[in-house]
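For the single chain, residues carry numbers from 1 onward in sequence order. Note that ligands are numbered from 1 as they come in the structure, with each ligand's atoms numbered from 1 the same way.
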Amino acid sequence: MSIIKGFSVKCKLCNRNAVIYQRHSGRHLCKRHFIDDIYKRVKYAVRKYNMIERDDRIAVALSGGKDSVALLHILVSLYGHRRDLEFVAITVDEGIAGYREETVEISRRITSELDVEHIIVSFREHCGLSLDEMVKKGDKKPCTYCGVLRKHLLNKASREAGATKLATGHNLDDETQTILLNFLQGDVERLARLIPQRIQEGLILRIKPLREIYEREVVTYNLLNDLPLALDECPYSHFPVRAMVRDFIYEFEEKYPGRKFSIMRSFERLIPCFKHEFPQKDLNRCQICGEPSSKEICQACKLLEEIKGR
Ligand code: SF4
Ligand SMILES: [Zn+2]
Ligand SMILES: [Zn+2]
């Protein structure tokens, strides 16, 4: 996929100049037809997994990064006119100095522009420490604290905001990397956790409307719509194995366009087996915080107890 500049190639579907070459479909597309195509594929994913239902109040996990900004913009563009639906954006401020401030500001701006209710929850306020402080105090990797506590806070904040679904900005690249990574590591149980969840008390159903959209298309969508593109990486980001898988899929896709969809379709064919082999566990309530958990004490409380005891 590449943005076309400086010379005029016509759109495959109309007489306008193309702005992009879409490798997986072999088509040049103008701005309008590119955006239409993105909307078509988001609607396809939404319908396929029944992601949005009548009277839903959808919480959008808005980090302020390119994916979540595109997600919010796309959902509001596609479904904002529906009187039975409501949207609320939730931003988790983990407290990562020099990185999170900008994306929190972007989140404020975009929600105000799109007129979407915005809730900001911070690690400092809810956990007593920022992520930077946890990293200094504890002995776990930053992403362990961050991943567990962010998931915990997003679920809690969505539920308290009355949400029925929680939408995240995972795109086709994220999903296919996770699928292949789990295959390569032989972690089929973790792979099975990627399948759509069933409703359980206290747990807000997660949906991923961008799962059919390439990461590059997300970037293009933001550029064409003048949406912010915070491309800075988190200073704690260090995923060498995932980076290898990402590069492998990238090269494969360059040579054989459309293979990311093949990975996704293969995974989808296996969903019935995953459901059979790894039925989703019934959840209890954490004895400390009351959040849904498969154990007596949830992982977030365990991490927090451990770090406070140090
Ligand atoms: S890379 Fe940064 S934002 Fe992402 S999980 Fe790790 S610490 Fe959190
Ligand atoms: Zn066109
Ligand atoms: Zn707990």
**Prompt:** How wide is the angle at the Zn ion (ligand 2) between SG in Cys14 and SG in Cys11, to the nearest 10°?
**Reply:** 110°
**Item:** Sidechain N-carboxylate O distance under 4.0 Å for Lys302, Glu305
**Value:** no
**Complete:** Short version for Arg150: what comes under 4.0 Å of ligand 1, heavy atoms counted, is side chain
With heavy atoms of [X] as the reference, note each atom of ligand 1 found under 4.0 Å away.
{"X": "Cys234", "result": "1 (S), 2 (Fe), 3 (S), 7 (S)"}
{"X": "Ser237", "result": "1 (S)"}
{"X": "Cys143", "result": "1 (S), 5 (S), 6 (Fe), 7 (S)"}
{"X": "Tyr236", "result": "7 (S)"}

**Request:** Answer yes if the side chains of Ser112 and Arg109 hold a donor-acceptor pair under 3.5 Å, and no otherwise.
**Result:** no
**Message:** Looking only at the side chains, is there a donor atom on one of Tyr236 and Asp132 sitting less than 3.5 Å from an acceptor on the other?
**Reply:** yes
**Message:** Does Arg246 form a side chain to side chain donor-acceptor pair (under 3.5 Å) with Gln177? I'd like the steps, not just the answer.
**Reply:** CA-CA 6 Å; Arg246 181 198 59 208; Gln177 282 163 27; over 6 Å; no
**Prompt:** In this structure, are over 12 heavy atoms from other groups packed under 6.0 Å from Lys308 atom NZ?
**Reply:** yes
**Asked** When you measure from the Zn ion (ligand 2) to each N, O or S atom of His33, which atom gives the shortest distance?
**Response** ND1
**Request:** Applying ring pair (Phe, Tyr, Trp, His ring centres under 6.0 Å) between Phe261 and each of Tyr256, Phe267, Tyr214, report the one that passes.
**Result:** Tyr214
**Asked** Within less than 2.8 Å of atom 8 (Fe) of ligand 1, any N, O or S from Cys146?
**Response** yes
